[in-house]
Amino acid sequence: TPAAVRPGSTEEVRAVVEACRRSGTPLVPQGGNTGLVGGSVPLAGEIVLSSERMRAITDVDLDSGQLTAGAGATLAEVQSAASAVGWRYGVDFAARDSATVGGMVATNAGGVRVFRHGSTRRQLLGVEAVTGAGLVVSRLDGLVKDNTGYDLAGLFCGSEGTLGVVCRARLALVPPPGSMATALVGFHDVSSAVAATGLLRRWVPGLEAVEMVLRAGAEMVAEQTATDPVFDPIPPVQLVVEATGPPDPVEALGAALESLDGVLDAAVATDAARAAALWHVRETHTESIARIGTPLKYDVTLPSSALSHFCATIVGEVTELAPSTTTWIFGHVADGNIHVNVTGYQEEPDEIRRIEHLILSSVDGARGSVSAEHGIGTAKRAWLLVNRCDGDVAAMSAIAHALDPDAICNPNVLLTRS
């Protein structure tokens with residue numbers, strides 16, 4: 001980038017946008033740089049607009065369970081502010097110390113508790129943003145019922161900075177958990193784990209998270225982090241399951257696990273230290289893979305009916321296509337969001353394209369989504385028209401042109417802009 005600017009207020013953001021419009025200079029909003037599809041990377045001389053100075057958390061409402069967070073506030077800071085007043089923020093994922101509110105709104109970020117509390121869009125009660133036309137959009141009252149026209153916050157959520165710059169967001173909070181129970185459960189195969197997940201969702205009222213890892217990934221984590229696995233031998237598939245009460249989640253979760261078919265082994269924790277030890281195999285997956293080498297990362301969603309087949313076949317298909325590779329599968333099995341990471345590939349564009357085409361075309365063929373929570377960015381732009389119909393993309397393009405007529409806001413992300 002030729003320059004980076006760090007506005008500290010909505011008015012300063014508006015001034016930057018106006019200056020960019022006058023000079024015809026595109027800009028890229030940038031938060032915590034935890035994105036994985038190039039959505040905040042300047043690739044064609046764009047100015048970087050950093051949200052670093054817009055991180056205040058204000059207007060915390062104890063009665064309604066809401067707060068307003070600046071675009072530069074991290075997820076961990078929002079979680080801490082909510083906890084300090086007896087509430088909780090419903091979105092959580094491993095990059096909590098770096099990921100920022102602006103980026104989370106831009107990508108409709110998800111995480112490990114989506115099936116219980118929803119992704120960012122469900123927490124979003126309003127935004128203050130500057131459109132690409134230099135207009136300030138502001139609705140931060142936090143009204144749960146407000147039918148006065150279009151849901152502009154909903155438009156900005158998931159827009160990846162193509163409509164304007166999010167400056168502040170009004171966020172809904174959720175009640176804090178009661179007592180918590182965490183379990184690590186081993187299964188024979190993915191099919192058994194997926195079936196068990198469906199039963200757990202019906203049987204355990206306070207189910208918070210169900211995360212899946214495979215044996216190869218668990219072995220890799222143990223080696224890379226120099227820790228002993230919970231089970232010996234390691235089962236082919238493991239689920240990290242978390243539930244909250246009342247009623248007593250340990251009793252409810254234990255009874256549900258005893259009723260499941262295909263369980264090879266199970267460990268249940270009731271204290272925080274043991275729960276953290278059970279989560280270790282999932283929470284450290286990404287960093288452990290990165291120690292092996294820079295991975296190709298694919299973030300996809302499959303319908304529940306196609307999830308088992310995809311997980312059972314994609315590893316072998318990638319290996320057959322590129323024999324030097326290792327494919328790691330893990331993710332949020334309760335909502336069908338699977339992360340596919342590939343290491344050991346030849347750093348040649350043709351091989352990378354072949355691997356990408358194999359994985360994403362398999363997802364599209366199963367009527368899934370090529371992006372579950374990371375967004376489209378620059379990395380998956382070619383797949384947007386494959387995964388969405390012509391009418392969908394035309395409608396998105398029309399909205400982008402209306403709010404950003406000069407195409408200065410992240411013009412190389414998501415859509416093909418002219």
Side-chain angles (χ1 to χ4, degrees), residues 10 13 17 29 31 35 37 39-40 51 54 59 61 64-71 73 75 78 89-91 93 99-111 113-133 135-174 299 301 335 337 369-377 384 387-389 391-405 409-410 413-415 417:
T10 301
V13 171
V17 170
V37 290
S40 62
S51 63
M54 297 185 293
D59 301 316
D61 189 329
S64 64
Q66 299 178 12
L67 57 77
T68 296
L75 171 57
V78 172
Y89 188 54
V91 174
F93 46 82
T100 59
V101 168
M104 291 170 63
V105 172
T107 57
N108 187 27
R113 306 187 193 280
V114 166
F115 86 92
R116 178 68 186 273
H117 300 298
S119 57
T120 298
R121 185 174 284 116
R122 194 187 295 179
Q123 329 301 321
L124 193 61
L125 297 172
V127 298
E128 184 168 276
V130 179
T131 72
L135 302 174
V136 175
V137 174
S138 185
R139 195 72 169 169
L140 297 174
D141 299 321
L143 302 176
V144 176
K145 289 187 174 181
D146 181 6
N147 288 342
T148 55
Y150 300 135
D151 180 6
L152 298 179
L155 282 179
F156 275 91
C157 191
S159 66
E160 301 189 44
T162 59
L163 305 182
V165 181
V166 173
C167 303
R168 295 193 291 167
R170 187 67 175 170
L171 303 174
L173 308 177
V174 299
D299 153 57
T301 301
D335 52 49
N337 177 193
S369 170
V370 299
S371 178
E373 57 184 358
H374 294 167
I376 294 295
L384 184 64
N387 209 212
R388 298 294 293 263
C389 72
D392 289 351
V393 177
M396 294 182 205
S397 297
I399 293 168
H401 180 72
L403 296 186
D404 180 26
C409 293
N410 232 2
V413 164
L414 183 62
L415 301 163
R417 310 275 298 275

By the definition side chain to side chain contact (heavy atoms under 4.5 Å, CB included), identify the one residue from Val136, Val130, Val127 that meets it with Cys167.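 Only match with Cys167 under side chain to side chain contact (heavy atoms under 4.5 Å, CB included): Val130.
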
Going by the side chain to side chain contact (heavy atoms under 4.5 Å, CB included) test, name the single residue among Val91, Val101, Thr100 that passes it with Val78.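 Of Val91, Val101, Thr100, side chain to side chain contact (heavy atoms under 4.5 Å, CB included) with Val78 is met by Val101 alone.
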
Donor-acceptor pair, distance only, cut-off 3.5 Å: does the side chain of Gln123 make one with the backbone of His117?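 The answer is yes, because a donor-acceptor pair under 3.5 Å joins these two groups.
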
Does any part of the side chain of [Y], heavy atoms only, come nearer than 4.5 Å to the side chain of [X], both counted from C-beta?
{"X": "Thr301", "Y": "Glu373", "value": "no"}
{"X": "Gln66", "Y": "Asp59", "value": "no"}
{"X": "Leu155", "Y": "Ile399", "value": "yes"}

Could you grab the distance from atom [atom1] of [X] to atom [atom2] of [Y], nearest 0.5 Å is fine?
{"X": "Leu171", "Y": "Tyr89", "atom1": "CG", "atom2": "OH", "answer": "4.5 Å"}
{"X": "Ser371", "Y": "Asp299", "atom1": "OG", "atom2": "CG", "answer": "5.0 Å"}
{"X": "Leu384", "Y": "Ser397", "atom1": "CG", "atom2": "OG", "answer": "8.0 Å"}
{"X": "Ser64", "Y": "Leu125", "atom1": "OG", "atom2": "CG", "answer": "8.0 Å"}
{"X": "Asp151", "Y": "Leu124", "atom1": "CG", "atom2": "CG", "answer": "7.5 Å"}

Determine the minimum heavy-atom distance between [X] and [Y], stating which atoms define it.
{"X": "Asp404", "Y": "Arg417", "answer": "OD2-NH2, 2.7 Å"}
{"X": "Cys409", "Y": "Gly164", "answer": "SG-CA, 3.8 Å"}
{"X": "Ser40", "Y": "Pro29", "answer": "CB-O, 3.6 Å"}
{"X": "Ala109", "Y": "Phe93", "answer": "CB-CE2, 3.9 Å"}
{"X": "Gly90", "Y": "Arg113", "answer": "O-CB, 3.8 Å"}
{"X": "Phe115", "Y": "Asp335", "answer": "N-OD2, 4.0 Å"}

Which residues satisfy the side chain to side chain donor-acceptor pair (under 3.5 Å) test with Thr68, sequence neighbours excluded?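 Applying side chain to side chain donor-acceptor pair (under 3.5 Å) to Thr68 gives Arg170.
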
Would you sort out whether Val105 and Arg121 count as a side-chain contact (heavy atoms from CB on, under 4.5 Å), showing the intermediate values? CA-CA 7 Å; Val105 172; Arg121 185 174 284 116; over 6 Å; no

For the residue pair Asn108 and Ser119, confirm or rule out a side-chain donor-acceptor distance under 3.5 Å.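 Their side chains do contain a donor-acceptor pair, which is all the 3.5 Å distance test asks for.
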
Could you walk me through whether Val13 and Met54 pass side-chain contact (heavy atoms from CB on, under 4.5 Å), step by step? CA-CA 10 Å; Val13 171; Met54 297 185 293; 3.8 Å; yes

Going through the distances and angles, do Ile376 and Glu160 end up as a side-chain contact (heavy atoms from CB on, under 4.5 Å)? CA-CA 8 Å; Ile376 294 295; Glu160 301 189 44; 3.6 Å; yes

Test side-chain contact (heavy atoms from CB on, under 4.5 Å) applied to Leu75 and Met104, step by step: CA-CA 8 Å; Leu75 171 57; Met104 291 170 63; 3.8 Å; yes

